[in-house]
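As the structure lists them, so they are numbered: ligands from 1, and atoms in each ligand from 1. Quick caveat, the model's predicted, so the values are computed rather than measured.
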Amino acid sequence: MNIAATNIILSQNDIQNCLERLANQLRQAYTQEDNVVAIVLLEGARRFAADLIKEWDRKIPLYFLRAKSYGNDVQSSGLVEITTSDRLLPDLTGKRVLLIDDIYDTGLTLRAVLDYLAPLQPADIKTCILLEKHHPHARKIPIDFLGATVPNTFVVGYGLDYAGKYRELDDIVELEGM
Ligand code: 5GP
Ligand code: MG
């Protein structure tokens with residue numbers, strides 16, 4: 001499998017525009033008084049979350065969850081395994097959770113994570129997702145802040161990998177031969 005270098009789905013410039021638009025929406029959605037906690041799904045959303053919070057220009061605590069459903073395959077396995085990583089989650093009671101992920105594909109991952117977080121009794125949970133695939137999604141998830149909609153192809157770059165590769169690309173590109 002190779003990178004289809006010509007098939008750029010989102011250029012660096014497009015990504016920057018998404019970040020600016022999302023940051024504006026976040027400024028409107030949350031006041032300075034809101035006790036916001038960002039929960040970032042590893043690994044794919046790490047770079048997006050870091051850039052977004054910098055663009056938002058607000059100091060909010062970041063926590064990480066690992067939610068794996070893919071392995072090295074390009075199809076969802078249908079099983080989602082959640083592990084807390086790096087730091088344990090804080091007490092979320094009464095906090096406003098901003099859940100940040102890279103892609104809303106089948107929706108199984110987001111459904112599993114939302115079901116995991118809900119019993120921790122945050123004041124609310126909003127979802128901020130960089131990319132939504134076109135699909136009919138297996139699980140319908142409300143997305144509060146969306147970067148862009150993309151075709152149902154497998155994409156890499158800007159933090160998104162295929163079997164651990166291509167994360168460091170600055171554009172989001174289609175993986176050839178899928
Ligand atoms: P879902 O559970 O919605 O099917 O899958 C969501 C997760 O699968 C995303 O968070 C992402 O990690 C991974 N994923 C889905 N589509 C793609 C894709 O096109 N490229 C990459 N690199 N990961 C994907
Ligand atoms: Mg993911």
*Mind checking whether Gly107 has a heavy atom under 4.0 Å from ligand 1?*
yes
Here the atoms of ligand 1 under 4.0 Å from any heavy atom belonging to Leu108 are 2 (O), 3 (O)
*Side-chain donor-acceptor contact under 3.5 Å, Gln12 with Gln16*: no
Do Cys18 and Phe48 touch side chain to side chain, with heavy atoms closer than 4.5 Å? no
CG (Leu120) and CD1 (Ile39) are apart, to the nearest 0.5 Å, by 7.5 Å
Within 4.0 Å of some non-hydrogen atom of Thr153, the atoms of ligand 1 are 19 (O)
Open item on the list: Between Arg167 and Asp102, does any side-chain N to carboxylate O distance fall below 4.0 Å?
Closed with: no
- Find out whether the Lys NZ or Arg CZ of Arg96 is both under 6.0 angstrom from the six-membered ring centre of Tyr30 and within 45° of the ring's axis. no
Output for pair (Leu146 CG, Leu131 CG), nearest 0.5 Å, gives 8.0 Å
> Is there a donor in the side chain of Tyr158 and an acceptor in the side chain of Asp51, or the other way round, less than 3.5 Å apart?
Replying inline: yes
Check: of Ile172, Val155, Leu160, min heavy-atom distance to atom 19 (O) of ligand 1 comes from Val155
One finds that the ligand 1 atoms under 4.0 Å from a non-hydrogen atom of Asp102 are 9 (C), 10 (O), 11 (C), 12 (O)
Taking N or O atoms only and a 3.5 Å limit, does Tyr104 qualify as a polar contact for ligand 1? no
ask   = Checking Lys95 side chain against Asp91 main chain: does a donor-acceptor pair fall under 3.5 Å?
value = yes
Next item on the list: Could you walk me through whether Leu10 and Asp171 pass side chain to side chain contact (heavy atoms under 4.5 Å, CB included), step by step?
Entry: CA-CA 6 Å; Leu10 283 185; Asp171 301 313; over 6 Å; no
Here the atoms of ligand 1 under 4.0 Å from any heavy atom belonging to Thr109 are 1 (P), 2 (O), 5 (O), 6 (C), 7 (C)
Here the atoms of ligand 1 under 4.0 Å from any heavy atom belonging to Asp101 are 10 (O)
I'd like to know if Leu175 contacts ligand 1, where contact means a heavy-atom distance under 4.0 Å to any ligand atom.
no
Atoms of ligand 1 under 4.0 Å from any heavy atom of Asp105, numbered from 1 in the order shown, are 1 (P), 3 (O), 4 (O), 5 (O), 15 (C), 16 (N)
Under 4.0 Å from one or more heavy atoms of Thr106, ligand 1 contributes atoms 1 (P), 2 (O), 3 (O), 4 (O)
In ligand 1, the atoms that come under 4.0 Å of a heavy atom of Lys133 are 16 (N), 17 (C), 18 (C), 19 (O)
Closer than 4.0 angstrom: is that true for some heavy atom of Tyr162 and an atom of ligand 1?
no
